[in-house]
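What follows is one structure encoded as structure tokens, with my remarks underneath.
None of the values given here were measured: they were computed from a predicted structure.
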Amino acid sequence: MKKGVVVLGSLVLALAFCVPAVAQPSAKAVETIVIDNFDTPDNMEWKWDIQTSRFIAKGYPVLKTVEGIPNSLRPFHKDSDPAAQVLGAKVSYDRKGDNWFEIYQKDASGNRYEYEFVGTITQIDFWVWGANYNYNLELLVRDCDGVVRTLNAGNLRFQGWKNIIINVPGWIRQHSRFRNGRPNLTFVGFRVRSAASEAVDNFAIYFDQLKYTTNTLSNIYDGYELRAIDFGENTSAN
């Protein structure tokens with residue numbers, strides 16, 4: 001009897017290996033998506049802009065792209081690629097204090113634009129050039145409830161390029177549970193704030209290679225496309 005059991009088990013195992021492999025849907029698809037590398041500013045669907053606190057000196061702020069690239073990124077830049085550029089900002093204030101400025105996106109009409117992240121993001125990654133000023137850098141994102149959240153990117157008291165990686169905390173709600181809610185987290189902008197006693201003249205900063213890591217399938221489910229169907233109902237009050 002035991003011999004029969006062994007033979008039967010071997011037959012089942014052999015049949016299992018004969019069954020063709022079928023790819024199973026995965027709930028994970030981790031990708032890195034580049035928001036902007038600043039190399040082709042004229043080909044983007046948005047432009048970068050800047051706003052500042054009061055006491056900004058005459059002629060400032062200045063925001064522009066200039067040629068440049070962090071040394072660590074040079075091996076990945078091909079000769080056939082567009083010229084490597086970075087986004088630079090320069091500010092100067094008339095007095096010390098709680099001075100700040102924000103760098104954000106706007107659309108072709110000049111309205112404020114917020115980039116919509118894809119999937120559920122775990123990290124935001126970018127390069128920043130510091131001039132050794134005691135300023136703090138923050139990232140602003142808008143959660144699915146419409147609340148702007150601040151992510152601390154650290155102090156800018158260093159010289160030259162530095163790669164900043166920010167982990168997005170799990171308590172930030174990235175997807176609404178409602179059908180008509182905000183589908184994804186959005187990028188609001190960068191904010192730079194000076195220490196109250198730090199020098200406020202001739203400050204410059206540069207950014208490059210803004211990207212993020214995300215699980216693109218985390219919020220996709222069977223029938224996802226039906227959430228945006230228009231029923232054509234009359235929305236006027238009866």
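Side-chain atoms of N215 come within 3.5 Å of backbone N or O of A29 as a donor-acceptor pair. In terms of modelled atom types and a separation under 3.5 Å, the side chain of Q174 and the main chain of I121 share a donor-acceptor contact. Looking only at distances, no side-chain donor or acceptor of Q123 sits under 3.5 Å from a matching main-chain atom of T213. Panel note: side chain K47, backbone P41; a donor-acceptor pair is recorded below 3.5 Å. No side-chain donor-acceptor contact under 3.5 Å links T150 to the backbone of L140. Put simply, the side chain of N37 gets close to the backbone of D39: a donor and an acceptor are under 3.5 Å apart. A donor-acceptor pair is defined here as one N or O able to donate and one able to accept, closer than 3.5 Å; such a pair exists between the side chain of N99 and the backbone of R95. Side-chain atoms of H77 come within 3.5 Å of backbone N or O of P82 as a donor-acceptor pair. Proximity of a side-chain donor or acceptor of Y206 to a complementary backbone N or O of T65 within less than 3.5 Å is not detected.
F126 pairs in a ring pair (Phe, Tyr, Trp, His ring centres under 6.0 Å) with only one of the listed residues (F187, Y212, F190, F38), which is F190.
Side-chain contact check for D208 versus P70: some heavy-atom pair is nearer than 4.5 Å. Between D94 and V200, the closest side-chain pair of non-hydrogen atoms is not below 4.5 Å. The shortest side-chain heavy-atom distance between V168 and T122 does not fall under the 4.5 Å cut-off.
Comment: E198 does not engage R157 in a salt bridge, judged by the lack of any side-chain N to carboxylate O separation of less than 4.0 angstrom.
Side-chain atoms of N136 and N152 form no donor-acceptor pair, as typed in the model, at a separation below 3.5 Å.
The number of heavy-atom neighbours closer than 6.0 Å to CZ of R74, taken from other residues, nucleotides and ligands shown, is above 12. In the displayed structure, R193 atom CZ is contacted under 6.0 Å by more than 12 heavy atoms of other residues, nucleotides or ligands.
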With ring pair (Phe, Tyr, Trp, His ring centres under 6.0 Å) as the test, would you mind laying out the steps for F101 and Y104 before giving the verdict?
CA-CA 10 Å; F101 63 91; Y104 61 94; over 10 Å; no
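Atom CH2 of W161 is separated from atom CD1 of I69 by 9.0 Å, given to the nearest 0.5 angstrom.
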